[in-house]
Each structure stands twice: as C-alpha cells, then as structure tokens.
Amino acid sequence: MSNGSTPPVPRRRLRGTLLVVVAAVAVVGLGGWLVWRSSAAGGEPPRAGGISGHGTGHGPAGEDGGDGGHGPRGDGPGKQQGSLRGKVVVIDPGHNPHNRDHGREIARQVDIGNSRKECDTTGTSTDDGYAEASFTLDVARRARTLLQKAGAKVVFTQDGDRAYGPCVDKRAAIGNKAHADAALSLHADGSAAGNRGFHVILPARVTAGPADTAAIVKPSRRLGERLADRFHAITGSARSNYIGDGTGLDVRSDLGGLNLSTVPKVFLECGNMRDPKDAANLTDARWRQKAARGITEGITDFLAH
Ligand code: ZN
C-alpha cells in the first residue's frame, strides 16, 4: 500500500448515497421476507448449501496463528456452504526448492523420538530436472485453493518463502500447533524406473522421547485410506507396484513428520519421479490439478463423513 494521500470524499454526498443504499437493502430484504413468508407455509425455509449434520464443534477455536482473522470461506451467494467449514487442514509441501543451497543447515540432526535424523533433505527430481520440491509446492497450492473453496482453513508448513526447511520436527509442530483436523505431507518418490504408482505412508505406533503416535494411528489410517481411494479414482494412477503389496499403503516409524505429530497425519508419495511414465504425469499441470482434486476429496471424505 502506498502512503499517498487519499482525496477527500464529500461527506454530504456520501451520506446521501448511504441512505439510498440502506433504503434499497431494506426494500429488497422486506421483499425477500415476504416471499419467504408466503412460501413457508407448511415447510421450513430452504437451507443454503444442503449440507448439515456434519458439525462436530471441533473448530479452530483458540487458534493463535495470527493470520488477521481470515476465516473459512465459501459463503458466496449460490455457492456451497462448504463441507469443510470450521476444519483446519495443514499441508506440508515436502522439502524446499532452496534446500540445495543450504546443505550444512539441513544436515543438522533433530530428535524424531526413536532416533535422530537430518533436519531436512533436498528431495528427488525427474531425470529432466523437475524438482520434487517444486512439484510438492505446486500441488499443495492447487489443493489449498480447492480446500479453501470447500470452507477449510489451510495452513502451510512452508510456501516457498523460506531459505530452507523447515526441519521435519518443526513441520510436525506446525500441524500440532494449528490443531489440524487433518495434516498431509506431500512428496514424490525417487525409486528405480519401472517402479510406478502412488502410495500413502501411515504413522506406526511410536512411543519414544518426544514421539507418541498412539492417539493418531487409527485416524491417520482412515485418512490414508480415504486419500488413496480418491487419489486413485480421480488421477487414474495405480497404487504402487513396489510398496504396500498393491494396497497403496505403507507404515513407517522412521519419519519425524509422522512420529512427532499429535494430529491425524499421512505422507502421500504421488508417484515415482524416476520412472518415465510416472514422470510424464508428475510434470503435467493437468495431472497435478487432478492430484489436487483427489487430495481435496480424500480429505473431505475423512473430515465430513
Ligand atoms: Zn520427498
């Protein structure tokens, strides 16, 4: 915003305009009320959006994210009221495009409960050099748009706006602090060519040091199953042919982002960047939009049903 002076508004004219607007609103409102009264005989007023009964009362109360009061959206006239209204979704775009310039910082060891691990890693890339960190940010941003349209409050762990990281323990802490109803860490794998398809990584039961996943193992599995179903249906991608015995689900105890989470959380490996056929999808913006839709619907299935 510039500091330039604003031209003075003539007060008298402004007041006159306001009166006209107020009068118009009153007339329209009265008209609408009369129409509603006349059609309400024997029936209840129509409910906008048509979605009810999902309210759990588990809203973002007590949020201290300080985002200036941006609440859930999706309340425009004629639009759906938002099946994710009141829900908090944390998206963790895996890695960071700038990690490669900060080798020393990301190599620092952090406590993940049952062991110590690097703060963060650079991630993989396609053979043509499309970085996993660019992919995860792109899909995350597409999913954020869709999730916000459905009424969710979306929190990112990073938005391409940091020098590196954050470290994996911090990524988990961000989801915890936001009291996320669902948290998702986005990735793409770097396995051998011929290994294809997506898989979801679920938290194992880990109770060690700062890690205690006992309370999130079950809901995270449900989140992962819904995600796998919708991601498969919408992208058309197959479940991994090299991890999870065809289920598209894996369980791991060596990921700080899962070990340290106190909210339902999974990782999604969207495909294998080192396989040419998977890479053709991952580098295709239309496919990435489908991926974002699959993610949004999976999270919605988990949260709204
Ligand atoms: Zn990754």
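Just so you know, ligand 1 is whichever comes first in the structure, and atom 1 is the first atom listed for that ligand.
In this structure, Arg252 contributes its side chain and Leu258 its backbone to no donor-acceptor pair below 3.5 Å. Remark: side-chain polar atoms of Glu297 are not paired, donor with acceptor, to backbone N or O of Asp229 under 3.5 angstrom.
Here the side chains of Val251 and Arg221 are in contact, with some heavy-atom distance below 4.5 Å.
Asn99 and Asp120 share a side-chain donor-acceptor pair at under 3.5 Å. Between the side chains of Glu269 and His187, no donor-acceptor pair of N or O atoms lies under 3.5 Å.
Within the sub-2.8 Å shell of the Zn ion (ligand 1), the protein contributes these N/O/S atoms: His95 NE2, Glu132 OE2, His187 ND1.
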### Task
For side-chain hydrogen bond (donor to acceptor under 3.5 Å, both in side chains), just list the numbers for Asp189 and Tyr242, CA-CA rounded to whole Å, side-chain angles, deciding distance to a tenth of an Å, and then say yes or no.
CA-CA 11 Å; Asp189 212 354; Tyr242 63 100; 2.7 Å; yes
